[in-house]
Amino acid sequence: DYDISNMNPPVTYTIIDEPSTANVEAIRMNILYIGLSNPVNISVPGVEESSLVQVNSSDSNVRLNRGVKPEDRAAGANFYAKPVNEGEAFIQVRGRLSNGANLTSNRKLFRVIKAPIGVGSIFNGRRYKPKEVVPQIDILNGKLTGYRDPNFNYDFNVEVTKFSITVLGTQTLPVNGKFIVGLPVDYVRDASSGTRIDFTDIKAIGWEGDDRSNSFEYDIKDFWIKKQ
């Protein structure tokens, strides 16, 4: 259901059945990223995968989804785990044994953190990265945005919702949205070539696929550019 591509090998854990219960053993790391579909592998010895269902989902701070993309399934994932809030989440499942009895796992706790902080940039047909010299037309017509660390292989959209701008020698002004508007436009136009322009207090949201209703807060680093 979500546009996830080229992920690292999924977080994997095994549920080991015991006489009346099951334990969840973390094999990789106990971290899930808020708002993102984290690929995981869930297995219970003696239990058909198709019978696995999530238990206590409303209290768990995470939703399991079987709609795994082929490339993630090939890497070993059979579920996506999507946490709702930062902090902690637990995964607990129930499955049917070969004798027809149901087995419920213990709760496995995961730490839920934000996606790694993004890098700010100006985009107008091409991306201008921090410390670059940018033509005035691209500063004023471009949008403020952010891009992910290339080593963070989760695919999601990013949109800046608010930021502050400081043209060297002028006051710092807040701006709503992703474009420079209002008095800062005059400051940029009046600035001489080589003037430094700082972007700070950048607020943004991220979301997967086309559904913005499940957006999450996304942090972007302060950055600066110079006017050409």
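No hydrogens, no waters, no symmetry mates; every other heavy atom, side chains included, goes into these values.
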If the threshold is 4.0 Å, N to carboxylate O, is there a salt bridge linking [X] and [Y]?
X    : Y    : answer
R73  : E49  : yes
K82  : E208 : yes
K143 : E159 : no
K162 : D201 : no

Inset, instruction - Check the pair L52 / R96 against side chain to side chain contact (heavy atoms under 4.5 Å, CB included), numbers first and verdict last. - result: CA-CA 7 Å; L52 292 176; R96 188 174 58 255; over 6 Å; no
Pairwise side-chain contact, [X] with [Y], heavy-atom cut-off 4.5 Å (strictly under):
X    : Y    : result
S213 : W207 : no
V62  : V84  : no
T161 : I205 : yes
S164 : F199 : no
I42  : V93  : yes
D149 : V119 : no
K114 : E86  : yes
F163 : I180 : yes

Out of curiosity, does [Y] fall in the hydrophobic cluster containing [X] (side-chain heavy atoms, cut-off under 4.5 Å, transitive links)?
X    : Y    : result
Y33  : F90  : no
L103 : V53  : no
F152 : I202 : yes

Legend entry - Check: D198/T200 side-chain N/O donor and acceptor closer than 3.5 Å: no
Legend entry - Whether N61 side chain and E88 backbone form a donor-acceptor pair below 3.5 Å: yes
Inter-residue atom distance [X].[atom1] - [Y].[atom2], 0.5 Å rounding:
X    : Y    : atom1 : atom2 : value
K221 : I117 : NZ    : CD1   : 6.5 Å
N78  : N41  : CG    : CG    : 4.5 Å
S37  : D155 : OG    : CG    : 11.0 Å
F79  : D72  : CZ    : CG    : 14.0 Å

Inset, instruction - Verify side chain to side chain contact (heavy atoms under 4.5 Å, CB included) between L144 and I220, making sure each step is shown before the conclusion. - result: CA-CA 10 Å; L144 194 67; I220 296 177; over 6 Å; no
Inset, instruction - For S60 and Q54, run side chain to side chain contact (heavy atoms under 4.5 Å, CB included): C-alpha distance rounded to whole Å, both residues' side-chain angles, the deciding distance at 0.1 Å, then the answer. - result: CA-CA 10 Å; S60 67; Q54 187 175 10; 3.3 Å; yes
Inset, instruction - May I have the step-by-step check of side chain to side chain contact (heavy atoms under 4.5 Å, CB included) for I34 and I113, ending in yes or no? - result: CA-CA 6 Å; I34 186 172; I113 63 175; over 6 Å; no
I'd like a table of donor-acceptor pairs (distance under 3.5 Å, sequence neighbours excluded) in which one partner is a side-chain atom from residues 130-140, with atom names and distances.
{"from": "E132", "atom 1": "OE1", "to": "R126", "atom 2": "NH2", "distance (Å)": "2.9"}
{"from": "E132", "atom 1": "OE2", "to": "R126", "atom 2": "NH2", "distance (Å)": "3.3"}
{"from": "E132", "atom 1": "OE2", "to": "K129", "atom 2": "N", "distance (Å)": "2.8"}
{"from": "Q136", "atom 1": "OE1", "to": "K227", "atom 2": "NZ", "distance (Å)": "2.8"}
{"from": "D138", "atom 1": "OD1", "to": "N124", "atom 2": "ND2", "distance (Å)": "2.7"}
{"from": "D138", "atom 1": "OD2", "to": "Y128", "atom 2": "OH", "distance (Å)": "2.5"}

Inset, instruction - Applying side chain to side chain contact (heavy atoms under 4.5 Å, CB included) between I91 and each of L64, V55, N56, report the one that passes. - result: L64
Inset, instruction - Please confirm whether R148 makes a cation-pi placement over Y154, using NZ or CZ under 6.0 Å from the six-membered ring centre and within 45° of the ring normal. - result: no
Legend entry - Centroid-centroid under 6.0 Å between Y147 and F123 rings: no
Inset, instruction - Identify the two heavy atoms, one from N214 and one from D211, that lie closest to each other, and give their separation to 0.1 Å. - result: ND2-OD2, 3.3 Å
